[in-house]
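Right, one structure below, let's go through it.
So that the names make sense, note that chain A is the first sequence line, chain B the second, and so on, each numbered from 1. Heavy-atom basis, side chains included; hydrogens, waters and symmetry copies ignored.
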Protein chains: 2
Amino acid sequence: MENDNYNDLDEETLFVVSQTFKALGDPTRIRILHLLFQKEYSVNGIAEALHLRQSTVSHQLRFLKNLRLVKYRREGTTLYYAHDDEHVMNMLKQTIDHACH
Amino acid sequence: MENDNYNDLDEETLFVVSQTFKALGDPTRIRILHLLFQKEYSVNGIAEALHLRQSTVSHQLRFLKNLRLVKYRREGTTLYYAHDDEHVMNMLKQTIDHACH
DNA sequence: TGCATATATCAGTATATGTTCATATTATGA
DNA sequence: TCATAATATGAACATATACTGATATATGCA
């Protein structure tokens, strides 16, 4: 469905857009995604790097996974998470740079 | 301060970035900003166009104003609001376009 | 098997958020 | 000064959100 900017936003678009930005609107999720700029991390790796509980990280990763902002690969019992949305990561990077001035 | 990694985000940056995205993470605020793509609107104008209460619009405009995402000019008793952050508006536009597929 | 490790999920709690009604403020013009 | 129109603010409420400890699940290996 095409959407020129002079019309009302349809409900589905509104939902997707708000969910995407909501994902970036939480400090914990920003820190997680910011970590993943560099390289993939295990759940415990993220927890240790950011001083967060394992369950906190796991919950937030599920949130990000549902929006397809991250993906993972398994290695034994360890899951390595990586970012999975270039557009969102670029927005995050730009906004961080923009805020550092 | 236990900031042992130069790649960690400092607290202020984290706050500004999360607030910015949080602003875009609510359907009502998205609709308001989307309206302001076209032209400036009065508070009542926004309320009528989007079928929202005057106080709802006013509250959300204050939120957006605090983040300097909108500005206003006065004409009599009427305040005309307009967008005031090109970077944020561009992100919003891109994400809307991205979600319309 | 049985056990250890890594991760996911559940349920409870505290806090944050968005909307609303009622009321206050501000500017204008008679 | 008063009345009116436009907007802002305050308080209450319901809902959403994030974090936590406890527990469940899944995998690998002896």
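- Between B:Tyr81 and B:Tyr72, the two ring planes are tilted [angle within 30° to 60°].
- In this structure, A:Leu61 atom CG and C:dA6 atom P are separated by 16 Å, rounded to whole Å.
- Among the heavy atoms of the strands lying under 4.0 Å from B:Ser58 is at least one base atom, whether or not backbone atoms are also near.
- Side-chain contact between A:His98 and B:Thr20 is absent, with no heavy atoms from C-beta onward closer than 4.5 Å.
- Side chains of B:Leu9 and B:Val17 form no contact here, defined as non-hydrogen atoms less than 4.5 Å apart.
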List, with names and distances, any nitrogen or oxygen atoms from the protein found under 3.5 Å away from nitrogen or oxygen atoms belonging to nucleotides 26-30 of chain C.
none

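- As rounded to whole Å, 15 Å separates atom P of C:dA6 from atom OH of A:Tyr81.
- Contact detail for B:Ser58 and B:Val43: the closest heavy-atom pair is N-CG1, 4.4 Å.
- Atom CZ in A:Arg73 sits about 16 Å away from atom P in D:dT27, given to the nearest Å.
- More than 12 heavy atoms of other residues, nucleotides or ligands sit less than 6.0 Å from atom CZ of A:Phe37.
- In this model, the phosphate group of D:dT7 is approached by a side-chain N or O of B:Asn44 to a distance below 4.0 Å at OP1 or OP2.
- The A:Leu79 side chain lies nearest to C:dA8 when the options are D:dT7, C:dA6, C:dA8.
- Proximity of a side-chain donor or acceptor of A:Arg62 to a complementary backbone N or O of A:Leu64 within less than 3.5 Å is not detected.
- Between the side chain of A:Arg74 and the main chain of A:Gly76, a donor-acceptor pair closer than 3.5 Å is present.
- Atom CZ of A:Arg62 and atom P of D:dT20 are 16 Å apart (whole Å).
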Subject >> Sugar-phosphate or base contact per nucleotide [nucleotides 14-25 of chain C; S, B, -; heavy atom under 4.0 Å] >> reply: ---SSSBBB---
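- Closest approach of B:Gly25 and B:Pro27 over heavy atoms only: O-CD, 4.0 Å.
- Regarding A:His51, its NE2 atom lies at a distance of 17 Å from the C1' atom of D:dC19, rounded to whole Å.
- Minimum interatomic distance between B:Leu67 and B:Gln19 (heavy atoms only, all atoms of both residues): CD1-O, 3.5 Å.
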